[in-house]
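Atoms within each ligand, like the ligands themselves, are counted from 1 in listed order.
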Amino acid sequence: MDSEALRKFSALHPRPAGLTLHYGTAGFRSAAQQLDHVVFRMGLLAALRSKAVTATIGIMVTASHNPEEDNGVKLVDPLGEMLHPSWEEYATQLANAEEQELQKVITEICQKAAVNLHKDASVFIGRDTRPSSKKLSQSVIDGIQVLGGQYHDYGLVTTPQLHYMVCCQNTQGQYGKATLEGYYEKLSKAFMELIKQSHCSGEFQRHLKIDCANGVGALKLSEMKPYFPQEVLIHIYNDGTKEKLNHLCGADFVKVHQKPPGGLDMKPNERCCSFDGDADRIVYYYKDTAGRFHLIDGDKIATLISIFLKELLAKVKQNFKMAVVQTAYANGNSTRYLQETLKVPVHCVKTGVKHLHHKAQEFDVGVYFEANGHGTVLFSKAAETKIRQLVTEEKDNEKREAAKMLENMIDLINQTVGDAVSDMLVIEAILALKGLSVQQWDALYTDLPNRLLKVQVADRRVIDTTDAERRALTPPGLQEKIDALVKKYKLSRAFVRPSGTEDVVRIYAEADTQENADALAHEVSLAVFHLAGGKGAPPQPI
Ligand SMILES: CC(=O)N[C@H]1[C@@H](OP(=O)(O)O)O[C@H](CO)[C@@H](O)[C@@H]1O
Ligand SMILES: [Mg+2]
């Protein structure tokens with residue numbers, strides 16, 4: 001390690017005194033001006049991780065759906081997964097080390113994680129469209145170079161595009177070509193092959209309005225447009241030329257407020273969707289003729305995909321094990337529909353994509369989605385091999401055609417991480433193949449009315465949870481209080497947990513009517529305020 005270079009460069013990226021940050025649900029997130037030292041040090045860590053696993057590592061500068069003034073950074077592991085949890089602790093240690101202790105902390109990490117500093121390092125970098133992202137990604141480069149690493153800066157890309165690049169690179173091109181053209185070609189080819197199998201193709205036009213949250217998704221979708229078939233007419237809104245990133249728009253805004261984004265004029269029954277700021281989430285919606293807004297969230301996306309895949313799996317007759325993975329935020333009626341009507345096993349895990357991804361890897365076909373629209377489908381290696389084999393060798397027409405559709409689904413879905421562009425194409429293909437309208441899709445089941453709230457407390461870590469975050473262990477008395485409140489309403493459920501990305505406690509409630517869901521959420525938020533050290537004024541009724 002070049003101690004002199006480390007000293008010199010870390011002095012150029014000083015850590016503000018007293019600032020402690022944690023590698024949370026989605027890496028580090030904070031006000032952009034607090035992050036320079038963090039991204040520099042994550043450049044160091046990416047180089048270390050690359051040396052440790054002898055593979056290319058990704059590093060993305062983004063704060064996703066958070067306000068434009070914020071920023072963040074997350075690392076991508078060799079096959080495009082989230083950083084391994086054992087390294088999250090190293091990330092936190094490195095980010096919070098005093099400047100003069102940096103070398104010592106690096107040496108400790110090398111010892112604990114058996115890193116050979118003499119090895120090569122290779123890091124792929126991406127960033128979103130935030131004004132602060134360019135400079136922060138320069139600081140990442142400083143960190144990589146201090147430890148002698150090589151880098152490739154992809155510049156503006158969606159988070160899932162960076163995950164894709166890293167996976168392509170480390171599978172020697174097996175997953176695809178590690179370029180943007182490679183990504184566009186792979187997805188558009190699979191999409192076209194899929195809709196070719198749809199009966200109505202050629203005679204119809206598919207219009208889709210997309211709110212891109214004024215983020216990087218708009219740029220990348222525009223680039224991809226020439227690759228789409230003519231029948232698919234994509235209309236991009238909130239492309240970042242006029243308004244601020246994520247301001248009154250984007251997938252998170254639409255999901256949380258359960259209303260349409262600004263900047264998108266929606267006619268009755270038009271199919272619309274929203275991406276988030278780094279295009280790894282998507283939700284659909286429409287307005288009916290009475291003007292009522294209908295949200296089609298991650299749970300309904302998972303349901304649509306599961307219905308489609310289950311039918312195909314039945315046709316190929318391979319006894320593949322399929323399951324859906326959700327979090328506690330999944331709507332109760334989605335879980336019921338999947339288990340009771342569709343008869344697909346459902347598993348509930350902790351919030352955060354890494355937990356869903358990990359669980360989904362246990363199955364031949366693992367469908368996972370967070371209610372907020374982040375998700376994908378994972379196919380086991382064995383299932384993928386078998387499906388590809390059926391496509392070339394199977395004599396039975398129906399079976400072979402089903403295998404072909406599955407093969408195209410495998411190529412269309414970004415298996416490294418949830419991807420708004422890829423998910424959108426999967427959904428559009430399924431709707432076309434099944435001849436379903438957005439209303440029919442929505443009508444699969446009716447969401448239970450629900451409400452998501454947040455409360456500020458002095459220290460959110462006083463709340464500890466269990467049972468996939470559905471029950472609070474501490475502070476004392478809180479769970480008992482929630483249980484008593486839930487009993488007052490029909491079809492009700494509520495839970496609280498500390499956010500991993502914001503300094504808040506999140507409250508979720510559902511019940512038979514919107515009034516009841518709102519009332520329950522409010523009462524639970526008051527309980528959190530009083531029992532968990534609420535800050536400022538008590539929460540007001542909705
Ligand atoms: C209720 C909710 O939507 N929580 C989100 C949010 O996490 P929190 O830990 O709740 O802040 O951001 C995560 C990262 O994007 C995402 O994985 C998760 O689903
Ligand atoms: Mg995101």
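Counting heavy atoms closer than 4.0 Å to ligand 1, residue H374 contributes nothing at all. Residue-level proximity to ligand 1 for T501 is carried by backbone and side chain together, each with a heavy atom below 4.0 angstrom. With a heavy-atom cut-off of 4.0 Å, S499 touches ligand 1 through backbone and side chain alike. Only the side chain of Y329 comes within contact range of ligand 1, with a heavy atom under 4.0 Å; no backbone atom does. Under 4.0 angstrom from ligand 1, the non-hydrogen atoms of T351 all belong to its side chain. At a heavy-atom distance under 4.0 Å, only side-chain atoms of R497, from C-beta outward, approach ligand 1.
When only interatomic distances are considered, the shortest N/O to N/O separation between G500 and ligand 1 falls below 3.5 Å.
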Determine whether Y286 and D442 satisfy the following criterion, side chain to side chain donor-acceptor pair (under 3.5 Å), listing intermediate values before the conclusion. CA-CA 9 Å; Y286 72 98; D442 184 38; 3.1 Å; yes
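D77 has its side chain out of reach of W87: every pair of non-hydrogen atoms, C-beta onward, lies at least 4.5 Å apart. Residues V528 and I463 are in side-chain contact: their nearest non-hydrogen atoms beyond the backbone lie under 4.5 Å apart.
At a cut-off of 3.5 Å, with distance as the only test, a side-chain donor of Y329 or R497 sits close to an acceptor on the other residue. Between the side chains of D276 and S64, at least one donor N or O lies within less than 3.5 Å of an accepting N or O.
Take the Mg ion (ligand 2) and draw a sphere of radius 2.8 Å; the protein N/O/S atoms inside it number 4.
Going from atom CD1 of I210 over to atom NE2 of H235 covers 9.0 Å, rounded to the nearest 0.5 Å.
For atom 16 (C) of ligand 1, the nearest protein heavy atom (residue, atom name, distance) is E370 OE1, 3.4 Å. Closest to atom 2 (C) of ligand 1, if we only count protein heavy atoms, is N372 ND2, 3.8 Å. Scanning all protein heavy atoms for the shortest distance to atom 10 (O) of ligand 1 gives R506 NE, 2.6 Å. Among all protein heavy atoms, the one lying closest to atom 15 (O) of ligand 1 is R281 NH2, 3.5 Å.
A cation-pi arrangement is found for K186 relative to Y175, the charged atom lying closer than 6.0 Å to the ring centre and inside a 45° cone about the ring normal.
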